[in-house]
Amino acid sequence: MRVFAFCVFLFFLAPYQCTDCPVGCKCFAATNTVTCVSRELRAVPPGIPGRARTLVITGNDIPQIGPDSFPGLDNITNICLSNNRITEVGSHTFSPMTGLRSLDLSRNPLALIHPEALWVPGGPLRDLNLSRSLHNATSLADLAVALRWGGLAGLQGLDLSGNRLTLLAPGTFSHLPGLRRLLLRDNALASVRGGTFSGPEKRLLLLDLSRNAFRTFRAEALEEFGRLGPAARLALGHNPYLCSCEIRRFAAWLNRSGTGTGTGAAAAVVVDADQVRCAAPTRLRDADVRAVRCGGEEGEGVEEDEGVQEDGKQEDQEEREDQEEEDVSLQTSYVFLGLVLGFVGMMFLLVLYLNRGGMKKWITEMRDACRDVLDGYHYRYEIDSDPRLGHLSAGAGRGHFGSAPPAAPRCAVAQMPTDTLVPPGDHVPPLGDHVPPPQGPKVKGPRPPLPHRGLREGTTSPPPPPPTGD
């Protein structure tokens, strides 16, 4: 009996390695959990049991996931895909998981998130972990679109920690009205703009802005904090606050936070107010921001005196030195750029020198071609501008109606004198054909003119017409 009880215990609590468990994974029947940890998988393993409710796939090399990665897993409620080197999440990737409530994509270099990558029918998703997963600024833009079109009205927890975020645009979370926990720690945020938390501001219970790059919170940010509900908790510690006179407003707000007293009292409570300390100047380092007083103000706390001013001057000097170093590095960059451009110019001149023969031949051919074209235009212009040579191009104007006359002929046919005798019976060739010289006795008379020869030899005017014999 004891052996039977022990076997039943092993069946329910020990991993079951049956035919319905993927190769390389472990399946736990008691919790309906499937784990595939550090198995060097290149894709989501097929054959995950349909009754599984928790899926853990971590420490693998899966470059992308899509709608075909999780077929038939409509019973999954929790899925962890952290540290799998995932770079792309396709549209409707998690659509088969109609009961999904928790999704962990942390520690993945996500470079491409499709607009409907997080869409699940019915919007059951409640917690989304994207810490240390946004690869660049493009990923943040893709995430903003995915949050808008993902149907995440029921999302309650969003973790964006450790993503090196520098700025959150107003309205980023406006499509998450049910959001209650927003974790933004370990980023590089330096300011909060109006409307950043519009949408879930009345429902937020926890807003974590610790370990960022805030130097102070100006009036716009304090007004945004004032829109949070009375149950909201803020985490603002471990930021490099600059304790100068500009931080007075924030220090006063911090002293009133959660007290509900005084004019403009803060409704939210700063849960780590003891960690809100000065990082600069040096004299006030590690001092409580709530105790900072500007010169001339009454009350206990750290007073700004000559030492603070000296520290401020020292910081200004350090900033000037840093600016000078940046200028020197910029000049070095310009010098390097000039050297590169000079090298490229020398290579260009070397190529021209090596191909000087071909370049010279090409230039000569282009010059001759242009000269021939110009000579043709010049000859046509002389023919058209001299009325005495109109008979040379008279036939050119007898073309079709509306068409331009053809170009003037290169050579003109000399006119035959009217007193030239042609023996009867001899064949007279048509005009324009070559006329052989007569075989009989030469007839005395003036030689017919050749007006075209004078023009082609460069004369400025055509030769005089032949005498008529009167």
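Starting from 1, each residue takes its place in the sequence as its number.
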Problem set entry | Derivation and outcome, side-chain contact (heavy atoms from CB on, under 4.5 Å), residues T54 and I76 | CA-CA 6 Å; T54 301; I76 291 289; over 6 Å; no
Exercise. Hey, what do you get for CD (E224) to CD (E201), rounding to the nearest 0.5 Å?
Worked result: 7.0 Å
Exercise. If you draw a 6.0 Å radius around NE2 in H135, do more than 12 non-hydrogen atoms from other residues or ligands fall strictly inside?
Worked result: no
Exercise. Would you call the rings of F225 and W253 parallel, tilted or perpendicular if under 30° counts as parallel and over 60° as perpendicular?
Worked result: tilted
For this session: Any chance you could measure N163, atom CG, to S131, atom OG, to the nearest 0.5 Å?
Result: 7.0 Å
For this session: Take R39 and D61, measure what salt bridge (charged side-chain N to carboxylate O under 4.0 Å, His left out) needs, and give me the verdict at the end.
Result: CA-CA 9 Å; R39 306 302 298 180; D61 189 6; over 6 Å; no
For this session: Might you confirm whether atom CZ of R126 has over 12 heavy atoms from other residues, nucleotides or ligands at distances under 6.0 Å?
Result: yes
Exercise. When you measure from the centre of the six-membered ring of Y377, is the NZ or CZ of R380 under 6.0 Å away and within 45° of the axis?
Worked result: no
Show every donor-acceptor pair shorter than 3.5 Å between a side-chain atom in residues 142-156 and any protein atom, with sequence neighbours excluded, or say none if there are none.
none

Problem set entry | Lys/Arg N to Asp/Glu carboxylate O, R101 vs D127, below 4.0 Å | no
Exercise. Partners of Y241 by ring pair (Phe, Tyr, Trp, His ring centres under 6.0 Å), sequence neighbours excluded?
Worked result: F250
Problem set entry | Close side-chain approach of F197 to L179, heavy-atom, < 4.5 Å | no
Exercise. Would you find more than 12 non-hydrogen atoms of other residues, nucleotides or ligands less than 6.0 Å from R107 atom CZ?
Worked result: no
